[in-house]
Amino acid sequence: MKKSILVALMVILSLLIRSEGNARSKIINMTCDQQLENNITLFMPNFVRTMEIIGTLLRTSRNGTAISGTGPDGNYGLGQCYGDLSPQDCILCYAEARTILPSCFPHNGGRIYLDGCFMRVQNYSFFHEYTGPNDMVVCGNTTAKSGLFGAAVREAVGNAVVEGSGNWDYFARGESVVNVNESVFVMADCWRTLSPAECRRCLENASAAISKCLPSSEGRALNSGCFMRYSDTDFLNPIPVATISSNRGMVLAIVVSIVSSVTVLTVALMIILYIMKHRLIQKKRRGSYDAKKLSKMLNDSSLHFKYSTIEKATSNWNECNKLGQGGFGTVYKGVLSDGREIAVKRLFFNNKFRATDFYNEVNMISSVEHKNLVRLLGCSCSGPESILVYEYLPNLSLDRFIFDATKGKTLNWQKRFLIISGTAEGLVYLHENTKNRIIHRDIKAANILLDLRLRAKIADFGLARSFQDDQSHISTAIAGTLGYMAPEYLAHGQLTEKADVYSFGVLLLEIVTGMENNKSKTAEYTDSLVSIVWNHFQEDTVEEIFDPNLMMQHYVNTNDLKEIKKVIQVGLLCTQEAPSLRPSMSIVLKMLAKDETLPLPSNPPFIDEKTMELNDISDKLQFYNYGDNDCSIATVSHSDFYPR
Ligand SMILES: *[C@@H]1O[C@H](CO)[C@@H](O)[C@H](O)[C@H]1NC(C)=O
Ligand SMILES: *[C@@H]1O[C@H](CO)[C@@H](O)[C@H](O)[C@H]1NC(C)=O
Ligand SMILES: *[C@@H]1O[C@H](CO)[C@@H](O)[C@H](O)[C@H]1NC(C)=O
Ligand SMILES: *[C@@H]1O[C@H](CO)[C@@H](O)[C@H](O)[C@H]1NC(C)=O
Ligand SMILES: *[C@@H]1O[C@H](CO)[C@@H](O)[C@H](O)[C@H]1NC(C)=O
Ligand SMILES: *[C@@H]1O[C@H](CO)[C@@H](O)[C@H](O)[C@H]1NC(C)=O
Ligand SMILES: *[C@@H]1O[C@H](CO)[C@@H](O)[C@H](O)[C@H]1NC(C)=O
């Protein structure tokens, strides 16, 4: 009698004490559309916005839809976690989906099926599609099963069709016993945008398709409107989360009434044993993706920022706080509760990273520290989005000074020379630090940030490195800016430190002349900056192209003039056509520091940029490129102190 009460109590308590389930964030398949986006300027913000809205919705619900923009570049999105995922696991699964799906870009749509969730984006409303030509089945394991197993699968799948389309949440799960040693586990889930009839037709189609996997021990149907899976191993999360809160009151009442009992100690002991066993089983069930371990690792790390902290710091991603659209994401200004200012990069094209990889990458980049490099403070790695947190530099980027007739006056030659040396020092450190040799790939004025005392700090290093094995279009287009890219890299994708040296050379010429290399594509000047400077150098008339802002300064003395000329020569040495002739960054640094005769440069490459077939979106992508916002940032509360 006493024993049966204990058993009953334990069962109820096990409902209450739910350990985190399994996020099942394994990717089953992803398909991208064939059509390219129509207009990237319109498409990108819509796409990013859709993912953000769905991400927000999934934090409180297991499904979400979003529509951003209209017309051919409008974006319709749907995200859904299957019915047995806890809110926490749903966020983890979606984080994986939203990280991988953008690799469909520049195609204008795609869908991704994971074992725990689904996501799709298109430029039209697909919310009522339930079957289609892209549907497929994925059969998991070729181990042949008995006929009895097949019969059990058919039975369980049949039940799931009826139950799934009948349930309020379009979710069904079930188990069908084959024999004492063996069971079949089934799960079905329809997108919540379907009508019950559409859901039923989708599941019927899926059940017919999935039975083609037999006699395999594992099968999955990936339909336009639903997901179905059977397996001989129990992949289901132990308790459907929705029922938990309603049990709580009852459980509490029972617990309270029993507290006085003398058996309390025994109960406690048995519960502890039960939980330990339960946890052990959980651990075994969880595959390679160990969500718990990951979240512990993140929580123990000083690099980890809570997603809510970041959200608060940027006043919920307020447009006013937007600093720029960088190669890998949008940058916002943020203020932490302790008053510290940060720059927050919200990554959207992030197709290699998984949460663990992402964290490791951040760990690596943040260990690269130098006075001339922008510090990476950490990340929000496990939240609904991948976010990087940098130190904030109030003076923004170098291009805002040297290409601006008014602001250019604030940078006299001495200051410009310090910026040049600082940038060179930063690059030497990146190229020659023994732990992780880093090629920046995108040195340009917009990526040189200035601190309060106008000292140079290189931004955005390390990220391109993480993308180097990624052959996709987007990374090629993004990982460099036309006009700064070395010819061998542009033409053959050959990447060495000398590609950075080339970009640095272009930067030197820009700093001295105040001319923007990229402007060469407009009517303003038709030759590239490098060839303009080269021609003047040949004719010994370089003074003619010095930035008028520099020459206006009364205190440009003969020493400065000599130095300016030297920098031009170094710039031309760096932009020589043959990479082997370009000096290494440490030699460049020596040339700048010492007063010795420099070798004569050979000719730079004469590329006609207009003929290059490159999707030149990178012009618009930089770390900080927005005008000064004069919106004031709402003060944040002190309750959410960071970092952990
Ligand atoms: C998805 O399925 C297609 C067709 O079977 C296959 O070619 C592709 O490699 C799969 N993709 C992934 C990511 O598994
Ligand atoms: C894309 O749309 C923007 C904004 O409407 C427009 O300025 C731009 O010309 C368009 N680009 C193309 C290639 O149509
Ligand atoms: C989830 O789907 C249901 C049914 O379509 C809908 O009522 C609910 O608003 C959706 N939830 C969200 C967050 O979109
Ligand atoms: C979706 O995009 C494609 C290609 O960009 C375009 O041809 C098509 O008209 C768009 N669809 C809608 C509904 O606007
Ligand atoms: C499921 O739907 C697809 C796409 O409409 C169709 O080609 C297929 O024949 C259907 N399968 C079954 C078994 O009805
Ligand atoms: C296939 O299933 C059998 C038993 O059903 C299992 O022992 C084996 O590990 C599975 N193989 C794979 C690759 O999952
Ligand atoms: C179940 O497993 C036991 C021990 O592994 C074995 O002896 C027995 O024959 C199995 N029963 C069936 C129905 O396969």
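Counting starts at 1 for both ligands and their atoms, in listed order.
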- Item | Under the side-chain hydrogen bond (donor to acceptor under 3.5 Å, both in side chains) test, residues paired with H107 that sit two or more places apart | none

- Query: Side chain, backbone, both or neither: which part of D73 comes within less than 4.0 Å of ligand 4 when only heavy atoms are counted?
  - Reply: neither

- Under-4.0 Å heavy-atom contact with ligand 4, by part of N38 that carries it: both

- Judging by distance only, is a nitrogen or oxygen of N108 under 3.5 angstrom from one on ligand 4? yes

- Kindly confirm or rule out an N or O of E37 lying under 3.5 angstrom from an N or O of ligand 4. no

- Taking only heavy atoms of G71, which atoms of ligand 4 are found under 4.0 Å from at least one of them? 14 (O)

- Item | Atoms of ligand 4 close to L36 [distance to a heavy atom under 4.0 angstrom, numbered from 1] | 4 (C), 5 (O)

- Message: Do the side chains of D135 and R111 get close enough for a salt bridge, i.e. N-O under 4.0 angstrom?
- Response: yes

- Indicate yes or no: does D460 engage K444 in a salt bridge with an N to O separation below 4.0 Å. no

- Contact atoms of ligand 3, heavy-atom distance to G64 under 4.0 Å: 14 (O)

- Task: For residues V344 and I387, report the shortest heavy-atom separation together with the two atoms involved.
- Result: CG1-CG2, 3.5 Å

- Task: Using a strict cut-off of under 4.0 Å between a residue heavy atom and any atom of ligand 1, list the qualifying protein residues by chain and number.
- Result: I28, N29, M136

- Query: Which of parallel (below 30°), tilted (30 to 60°) and perpendicular (above 60°) describes F118 and W191?
  - Reply: parallel

- Message: Angle between ring planes, F47 versus F43, binned at 30° and 60°: parallel, tilted or perpendicular?
- Response: parallel

- Query: Picking from M187, R173, R62, what satisfies side chain to side chain contact (heavy atoms under 4.5 Å, CB included) with Y82?
  - Reply: M187

- Message: I want to know if ligand 3 touches N63 in the polar sense, i.e. an N/O pair below 3.5 angstrom.
- Response: yes

- Message: Does ligand 3 come near enough to R192 that some N or O of the ligand is less than 3.5 Å from an N or O of the residue?
- Response: yes

- Task: Evaluate whether the separation between SG of C199 and SG of C226 stays below 2.5 angstrom.
- Result: no

- Query: Does the SG-to-SG distance between C93 and C117 fall under 2.5 Å?
  - Reply: yes

- Query: Does the ring of F235 carry R229 above it, NZ/CZ under 6.0 angstrom from centre and within 45° of its axis?
  - Reply: yes

